[in-house]
Amino acid sequence: MEFKFTEENIQKVEAVLKKYPEKKAAVMPVLYLAQDQNGYISGEVMKEVAFLCEMPEADVLGVVTFYTMYHKKPMGKYHIQVCTNVSCMLRGAYDIYGKVKDKLGIDNGGVTPDHQFSLEEVECMGSCGTAPMIAVNEDYFENLDVPSTLKILESLK
Amino acid sequence: MEKIVLPDIPNLHDIDAYLSNGGFKAYKKAVTQSPDDIIDQVKKSGLRGRGGAAFSAGLKWSFMPKGNDKPKYLCVNGDESEPGSFKDRQIFEYNPFQLIEGILITCYAIGAKTAYIYIRGEYHKWVNLMQKAVDTAYARGFAGEKMKETFGGEFFCDIFIHKGAGAYICGEESSLMNSIEGKRPYPRVKPPFPAQNGLWGNPTTINNVETITNVPAIINKGWEWFAAIGEPKHPGTILFGVSGHVNKPGVYELPSGTLLTDIIYKYAGGVPGDKKIKCVIPGGSSMPPLRGDQLEGVKMDAESLRAAGSAIGTGGIMVMDEDTDLVKVLARITKFYYHESCGQCTPCREGTGWMLKLLNRILRGEGSTKDVELLISVANNIEGNTVCALGEAAAWPVKFMVTRFRDEFEARVKSGISIDVRNKVHSMRKTVNPIAPLTLN
Ligand SMILES: Cc1cc2nc3c(=O)[nH]c(=O)nc-3n(C[C@H](O)[C@H](O)[C@H](O)COP(=O)(O)O)c2cc1C
Ligand code: SF4
Ligand code: FES
C-alpha cells in the first residue's frame, strides 16, 4: 500500500526539516511521524521517507533496523515494555515479566491475535530509582510489583 | 549543603520561578566578558564531565578552533541509557531552564550558533517537557534570534531537541553525531576528534546534560566558589542515582567525595532487612564492581574511585545484598552489552556474544573451571581492541566481577570439562559427521 503523509503531518515534516542543515538529518523525526501515522515502518513508508529526506532507501533501512523503537511490523494497540535490566531485576522484574507473558500469552516480540497487546523485554529505561517498571506505549509505570502490574494490564481495554 | 543542579526551589521548571531566582543572570554576566575568559573560568573551576569519562569541561571547550570560517555546534548528551543512571531526566523535569542557560553560556564560549539536545527516545515524557521549556525560552526571548533584543549584543543561538530511538550506543559521542546526521549511528574512529571534525565535519563540543547545567552557577558565583566544593580534583556536587537493594532509591545531589557508605546508609536508607552488602557497582553498569568488604572509606569522586579499583562513570550506584546471585547479574549485564554492540568491531560483536554464552552455560550449571578463565580471556581480548569504549564497558564488569568474586563463580562450575562425545571416532577422516555430536551445551 502506498504511503503518503497527511496534510497535517506534511507540515510537521516541513518544520522538522528546518532544524537541520541537511535533509538527511531529519530522517529520525520523519520516521517517528510516519510511524505515528502508519503504526509501523513498512517498505512503502521507507520509500516515502527516503524521497522526502533525499537519501537512498537502503540508508533509511540502515537507520530503521539499527534502532529498537522503529517497529518493522504492526504492534498491539498497547505495546507493553518490561525492563529486566539489573536495577529492575534486583527488585523483581523477572517475576513481573513472567506474569505478563503468562497473562498475555505471548513471548518477547509477540503480538496477541486480536492486536490489542504486544510485548517487548527492554533494556534499562532510566527508571532504576523507581524500579521495577513497565512502559505502556509512551507512558512509564514505576515502583511496581506483580499485583499492581496485572492491575495496569487489566485496566487497558 | 547547597545544591547546584537540583536546588530545593519549588516550580523551578516554570520560567517565572526560574527568573525570580536569578535566572539568566549568569548569561548576562557571561556576555560582558570574552569567550576565552569564560572558558578560562570553567577550566579553573575544575568542572569535569558528568557523562562518564570525567574529562575537564573547560579544557574540552578550549580545543574548539577560533574563528568563524565554519559553523560550530554544541551537542548536549541526554541519551542516559547506561543501566543504573537516571539523573538527567530529573534535570529535564525539574530544572530545564538552568540547562538552557548553561547551553547559552557554553555556545557563547565556544562560538556555537546551534545546539542539539539529544534525548533518548524512551523518554517521551521528558522530551515533551524539555521541548516545552525550549519553546518557552524562544517565546520569551531566551533562545534564537530574539536573544539580541533580550540581552543586547549580536550573539544568539538556536536550540533543537533530537530524539533518539532506542540505542545505547548513541550516547557515545561520535555515534550520537552520526545519529543526528541521519546516518546509521556507528561510532567513528578517533582521531579526528569532534572539536576538529564533528557534526557535518564541523567543530563540535559534546557535553553531558548535568555538566552543562553546572555552568550558570560557576559563572554566577565564581570559579573559586565551585572549586572549593567537595574533592579538589573533582569539585562540585554530583547527582548520585542509587538503585537496587536500598530502602530509599533515588537521585541524591551531594558534594563529590561523599563516602559511598554514607550515600547508601545515610541517604538511601540502608539495605532492606539490614542485610549485608555483597556487591556495589558505583558508576553505572559498565564500571568495575566493588566487593561489599571493599566499601569502607571509599569516596565518590573520580580519583578516589580509581584508587579503590573502580570509576565514577555516571554516578549510578547499584547496590546488591548478600543474597544476590552475581552470576545472574553478570549474565544480565553482559546480555545488555551484547544487545547494544553496534557490530562494527569483531572483538566487541563476537566477544560479547561469547561471554554471554559462557555465562549462560555457567548459570545452567554446565560450566567448567575453564569457562571462568575463558571469560577473563575473552574480556581481555575485547579491552583496548575496539573503535569505541563500549568494548571496555562490556569487558570491565566481566573481568572484575569474575576476579573479585571468584569464589562465587567457582562454586558454580564443575572442575574439569565433560563433553559428551557420541561419535568415538576422533579422526576427521572417514567420519560423516565428526564435529556435530560434540554437545558443548
Ligand atoms: C557506549 C557509551 C555510551 C555512552 N552513553 C552516554 C550517555 O548516555 N550520556 C552521556 O552523557 N555520555 C555518554 N557517554 C560518554 C560520551 O561519549 C561523552 O564522553 C560525554 O557525553 C561527554 O560529556 P561530558 O564530558 O560532559 O561527560 C557514553 C560513552 C560510551 C562509550
Ligand atoms: S566497540 Fe562495539 S559498540 Fe563500539 S564501535 Fe566497536 S562494535 Fe560498535
Ligand atoms: S534497570 Fe530497569 S529502568 Fe534501569
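In what follows, chains carry the letters A, B, and so on, assigned in the order in which the sequence lines appear, proteins first and then strands, with residues in each chain numbered from 1.
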Shortest non-hydrogen pair, C124(A) vs G84(B), comes out as SG-N, 3.9 Å
Requested in this report: Check whether more than 12 heavy atoms from other residues, nucleotides or ligands sit under 6.0 Å from atom NZ of K24(A), and answer yes or no.
Outcome: yes
Whatever's closer than 4.5 Å to a heavy atom in chain A on V251(B) counts as neither
Honestly, the part of Y252(B) sitting under 4.5 Å from a heavy atom of chain A is neither
Heaviest contributor of heavy-atom pairs below 4.5 Å to chain A, chosen from G164(B), P272(B), S85(B), is G164(B)
So, the part of P185(B) with a heavy atom under 4.5 Å from chain A: the answer is both
Quiz prompt | H124(B) and Y140(A) aromatic centres sub-6.0 Å | solution = no
| said: Between R91(A) (side chain only) and H245(B) (backbone N and O only), is there a donor and an acceptor less than 3.5 Å apart? | reply: no
Whatever's closer than 4.5 Å to a heavy atom in chain A on S179(B) counts as both
Honestly, the part of E122(B) sitting under 4.5 Å from a heavy atom of chain A is both
Bottom line for K87(B): the part with an atom under 4.5 Å from chain A's heavy atoms is neither
Point to revise | N/O donor-acceptor pair under 3.5 Å between Y70(A) side chain and G166(B) backbone | key: no
Listed by number, the residues in residues 43-69 of chain A that come under 4.5 Å of chain B (heavy atom to heavy atom) are M55(A), G62(A), V63(A), T65(A), F66(A), Y67(A), T68(A), M69(A)
Of the listed P249(B), S243(B), G182(B), A165(B), the one with the largest count of heavy-atom pairs under 4.5 Å with chain A is A165(B)
On the ring face of Y32(A), is K163(B) found with NZ or CZ under 6.0 Å from the centre and within 45° of the axis? yes
Quiz item: Considering residues, nucleotides and ligands other than F400(B), do more than 12 of their heavy atoms fall under 6.0 Å from its CZ?
Solution: yes
### Query
Are P83(B) and N85(A) side-chain neighbours, meaning at least one heavy-atom pair lies under 4.5 Å?
yes
Under 4.5 Å to a heavy atom of chain A? For V329(B) that would be both
- Item | Any donor-acceptor pair under 3.5 Å from R332(B) side chain to M89(A) backbone | no
The side-chain contact (heavy atoms from CB on, under 4.5 Å) partners of I106(A) (sequence neighbours excluded) come to L104(A), T112(A), L119(A)
| message | Can you tell me if K328(B) has over 12 outside heavy atoms packed within less than 6.0 Å of its NZ? | response | no
Taking C-beta and beyond as the side chain, do M28(A) and E181(B) meet within less than 4.5 Å on heavy atoms?
no
task: Could you tell me how the ring of Y20(A) sits relative to the ring of H162(B): parallel (under 30°), tilted (30 to 60°) or perpendicular (over 60°)?
output: perpendicular
Answer key: most heavy-atom pairs under 4.5 Å with chain B among P29(A), S127(A), A135(A) is S127(A)
Any salt bridge between E123(A) and R120(B), counting N to O under 4.0 Å?
-> no
Cut-off 4.5 Å, heavy atoms of chain A, and the answer for Y168(B) is neither
Nearest heavy-atom contact between Y94(A) and K335(B) is OH-NZ, 4.5 Å
Residues of residues 281-288 of chain B with a heavy atom under 4.5 Å from any heavy atom of chain A, in residue-number order, are none
When the 4.5 angstrom heavy-atom criterion is applied to K183(B) and chain A, the contacting part is both
For residues 144-157 of chain A, the salt bridge (Lys or Arg N to Asp or Glu O under 4.0 Å) pairs (sequence neighbours left out) are K103(A)-E154(A)
Original post:
Is the backbone of I161(B) close enough, under 3.5 Å, to the side chain of K19(A) for a donor and an acceptor to pair up by distance?
Top reply: yes
Subject >> Side-chain touch D139(A)/K125(B), heavy atoms, less than 4.5 angstrom >> reply: no
Among A268(B), G250(B), G121(B), the residue with the most heavy-atom pairs under 4.5 Å to chain A is G121(B)
Between P21(A) and W200(B) the two heavy atoms that sit nearest each other are CD-CH2, 3.4 Å
